[in-house]
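One-based numbering along the sequence shown. Each ligand, and each atom within it, is numbered from 1 in the order the structure gives.
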Amino acid sequence: MATAGKVIKCRAAVAWEPNAPLMMEEIEVAPPQEGEIRIKVVATGVCHTDLYHLFEGKDKRGFPTVLGHEGAGVVESVGPGVTDFKPGDKVIPLFLSQCGECKFCKCPKTNLCDCSWSSKYYDIMSDPTTRFTCHGRPILQFMGTSTFSEYTVINQIAVAKIHDDAPLDRVCLLGCGISTGYGAAVNTAGVTPGSVCAVFGLGAVGLAAVMGCKNAGASRIFAVDINEQKFEKAKVFGATDFLNPKAYNKPISEVLAELTNGGVDFSLECVGNTEVMRTALESCVKGWGVSVLVGWTDVKDFSAKPIQLISGKTWKGSLFGGFKSKDSVPNLVCDYMTGKIKLDEFITHKMSLEQVNDAINLMKTGDCIRLIIIADHSCCAMLL
Ligand code: NAD
Ligand code: ZN
């Protein structure tokens with residue numbers, strides 16, 4: 001490759017500060033160092049966690065940054081010591097690494113690799129080390145990935161090599177939202193055949209949770225959202241019942257208890273709202289109900305009455321659907337290619353990197369499920 005070993009100048013959407021539009025800039029992307037891979041980003045989704053950092057996290061130390069963590073691309077070059085990847089390989093960047101060596105990677109109970117930015121830098125949501133500069137300033141790599149850029153550099157422990165025939169403009173969704181929601185149902189909640197489930201929040205994460213409940217054999221799946229436009233899609237993924245909490249003059253947990261003879265077996269919170277987290281727990285049946293927090297928020301405490309847990313319910317949380325990232329993402333890509341999981345149905349819009357602020361606004365208003373930003377138009381014609 002003509003660019004190997006050199007600094008690449010390319011376009012990226014830089015978030016200079018919280019609460020402000022992203023700016024299209026020319027950035028410099030340094031060559032990959034020991035154990036690192038430089039990736040040409042082809043396509044990327046926009047996830048609510050990007051919006052969370054921009055609008056809700058508000059920790060100024062997490063800026064300037066390049067957002068984006070739901071991408072797919074092609075290896076441009078590799079740094080010293082990288083033997084499992086070569087230029088041209090199709091890859092998915094992983095916001096949660098899997099080093100394979102730490103005590104968490106070695107334990108089958110968790111996917112929380114200790115080498116991930118998330119073990120030390122939750123507050124700023126990126127490792128302070130970066131390969132990006134712009135106008136002479138270092139630019140952080142949000143969630144270690146920064147896919148709102150034409151190129152990015154990632155440690156090999158946070159990159160999954162995927163099937164050569166995988167369509168990158170769809171499988172990029174497995175870099176976050178779909179793996180997260182799906183895994184939260186099948187891995188973290190452990191949804192069982194014949195069970196009754198409720199999913200709160202029907203963005204891509206919640207819809208993927210619905211798909212997980214359905215694939216795990218749930219007999220009834222309540223889809224709960226304050227935006228009724230989402231119900232039609234929820235049906236496509238297997239939801240059987242639809243509830244808008246705003247349409248009732250009593251708590252939706254009471255409505256669910258009445259409809260299910262005491263509450264659901266499994267509930268999943270896919271909004272990122274501490275009140276909804278509480279409601280999801282209260283919607284579970286006593287004795288064995290399991291509620292999983294999937295929505296991302298770190299700004300407020302959450303609460304519930306202790307009797308909720310004393311009565312035998314379990315409250316859990318899930319990062320990246322409990323999937324060990326590097327091992328699982330290639331398999332999930334194959335599950336999509338063989339029809340076991342859906343991806344196309346999540347995609348409502350396609351846009352260019354220049355339209356990234358429109359994309360963020362669409363996510364904000366809820367008039368989309370997933371929009372795919374095509375960062376590389378030359379690959380785009382080939383892929384669409
Ligand atoms: P999204 O914005 O597309 O969807 C959120 C949905 O919640 C919308 O349909 C909205 O109408 C609905 N909603 C809002 N308030 C509600 C309420 N009070 N009751 C019911 N529904 C309500 O978001 P997304 O991209 O699907 O992400 C969902 C959440 O998952 C976010 O918090 C995101 O940060 C988080 N997330 C977590 C992980 C993880 O690993 N745990 C990974 C990815 C995303
Ligand atoms: Zn995400």
Asks: Taking atom types as modelled and ignoring hydrogens, do the side chains of Asn155 and Glu36 form a donor-acceptor contact shorter than 3.5 angstrom?
Replies: no

Asks: At less than 4.0 angstrom from any non-hydrogen atom of Gly272, what atoms of ligand 1 do you find?
Replies: 32 (O)

Asks: Anything under 30° is parallel, anything over 60° is perpendicular, the rest tilted; go ahead and classify Tyr182 against Phe323.
Replies: parallel

Asks: Which atoms of ligand 1 are found less than 4.0 Å from any heavy atom of Cys270?
Replies: 28 (C), 29 (C)

Asks: Any N/O of Val294 closer than 3.5 Å to an N/O of ligand 1?
Replies: yes

Asks: Would you mind listing which atoms of ligand 1 come within a distance below 4.0 Å of any non-hydrogen atom of Leu319?
Replies: 40 (O)

Asks: Does NZ or CZ of Lys364 come closer than 6.0 Å to the centre of the six-membered ring of Phe55, within 45° of the ring's axis?
Replies: yes

Asks: Does ligand 1 have a heavy atom under 4.0 Å from the side chain of Lys233, from its backbone, from both, or from neither?
Replies: neither

Asks: Checking Thr44 against Glu70: is there a side-chain donor and acceptor pair closer than 3.5 Å?
Replies: no

Asks: What do you reckon, are the aromatic ring centroids of Trp296 and Tyr122 less than 6.0 Å apart?
Replies: yes

Asks: Can you find a heavy atom in the side chain of Gln141 that is under 4.5 Å from one in the side chain of Val66?
Replies: no

Asks: List the closest protein heavy-atom neighbour of atom 4 (O) of ligand 1: residue, atom name, distance to the nearest 0.1 Å.
Replies: Gly203 CA, 3.3 Å

Asks: Under 4.0 Å from ligand 1, counting heavy atoms only, is it the side chain of Val205, its backbone, both or neither?
Replies: both

Asks: Cut-off 3.5 Å, side chains only: do Glu269 and Ser291 have a donor facing an acceptor?
Replies: no

Asks: Once you restrict to heavy atoms under 4.0 Å, what part of Val276 touches ligand 1? Side chain, backbone, both or neither.
Replies: side chain

Asks: For ligand 1, which atoms sit closer than 4.0 Å to a heavy atom of Thr180?
Replies: 38 (C), 39 (C), 40 (O), 42 (C)

Asks: Please list the nearest protein heavy atom to atom 33 (C) of ligand 1 with its residue and the distance rounded to 0.1 Å.
Replies: Thr49 OG1, 3.5 Å

Asks: Using only heavy-atom distances, determine whether the side chains of Ser118 and Ser116 contain a donor-acceptor pair under 3.5 Å.
Replies: yes

Asks: Return a yes/no value for Pro245: is any of its N or O atoms, backbone included, closer than 3.5 angstrom to an N or O of ligand 1?
Replies: no

Asks: List ligand 1 atoms under 4.0 Å from Asn227, heavy atoms only on the residue side.
Replies: 11 (O)

Asks: Can you tell me how the ring of Phe63 sits relative to the ring of His53, calling it parallel under 30°, perpendicular over 60° and tilted otherwise?
Replies: parallel

Asks: Decide whether an N or O pair under 3.5 Å exists between Val271 and ligand 1.
Replies: yes

Asks: Using a 4.0 Å cut-off to any heavy atom of Met363, which atoms of ligand 1 qualify?
Replies: 3 (O), 25 (O)

Asks: Provide, to 0.1 Å, the distance between atom 7 (O) of ligand 1 and the closest protein heavy atom, together with that atom's residue and name.
Replies: Gly201 CA, 3.5 Å

Asks: Heavy atoms only, cut-off 4.0 Å: how does Tyr52 contact ligand 1, side chain, backbone, both, or neither?
Replies: neither

Asks: Flag Arg370 as yes when one of its N or O atoms lies below 3.5 Å from any N or O atom of ligand 1, and as no otherwise.
Replies: yes

Asks: Without hydrogens or angle criteria, can the side chains of Ser253 and Ser283 be said to hold a donor-acceptor pair below 3.5 Å?
Replies: no

Asks: State the atoms of ligand 1, each with its element, that fall below the 4.0 Å cut-off from a heavy-atom position in Cys176.
Replies: 42 (C), 43 (C)

Asks: Tell me if the centroids of the rings in Phe237 and Phe346 come within less than 6.0 Å of each other.
Replies: yes

Asks: Which is it for Ala184 and ligand 1 at heavy atoms under 4.0 Å: side chain, backbone, both or neither?
Replies: neither

Asks: Applying ring pair (Phe, Tyr, Trp, His ring centres under 6.0 Å) to Trp315 and Phe302, what does each step give before you reach the verdict?
Replies: CA-CA 12 Å; Trp315 214 358; Phe302 63 143; 4.9 Å; yes

Asks: Identify the closest protein heavy atom to atom 23 (O) of ligand 1: which residue and atom is it, and at what distance?
Replies: His48 CB, 3.2 Å

Asks: Please work out, at 4.0 Å between heavy atoms, whether the side chain, the backbone, both, or neither of Lys230 comes within that distance of ligand 1.
Replies: side chain

Asks: Confirm or rule out an N/O/S atom of His48, from backbone or side chain, lying less than 2.8 Å from the Zn ion (ligand 2).
Replies: no

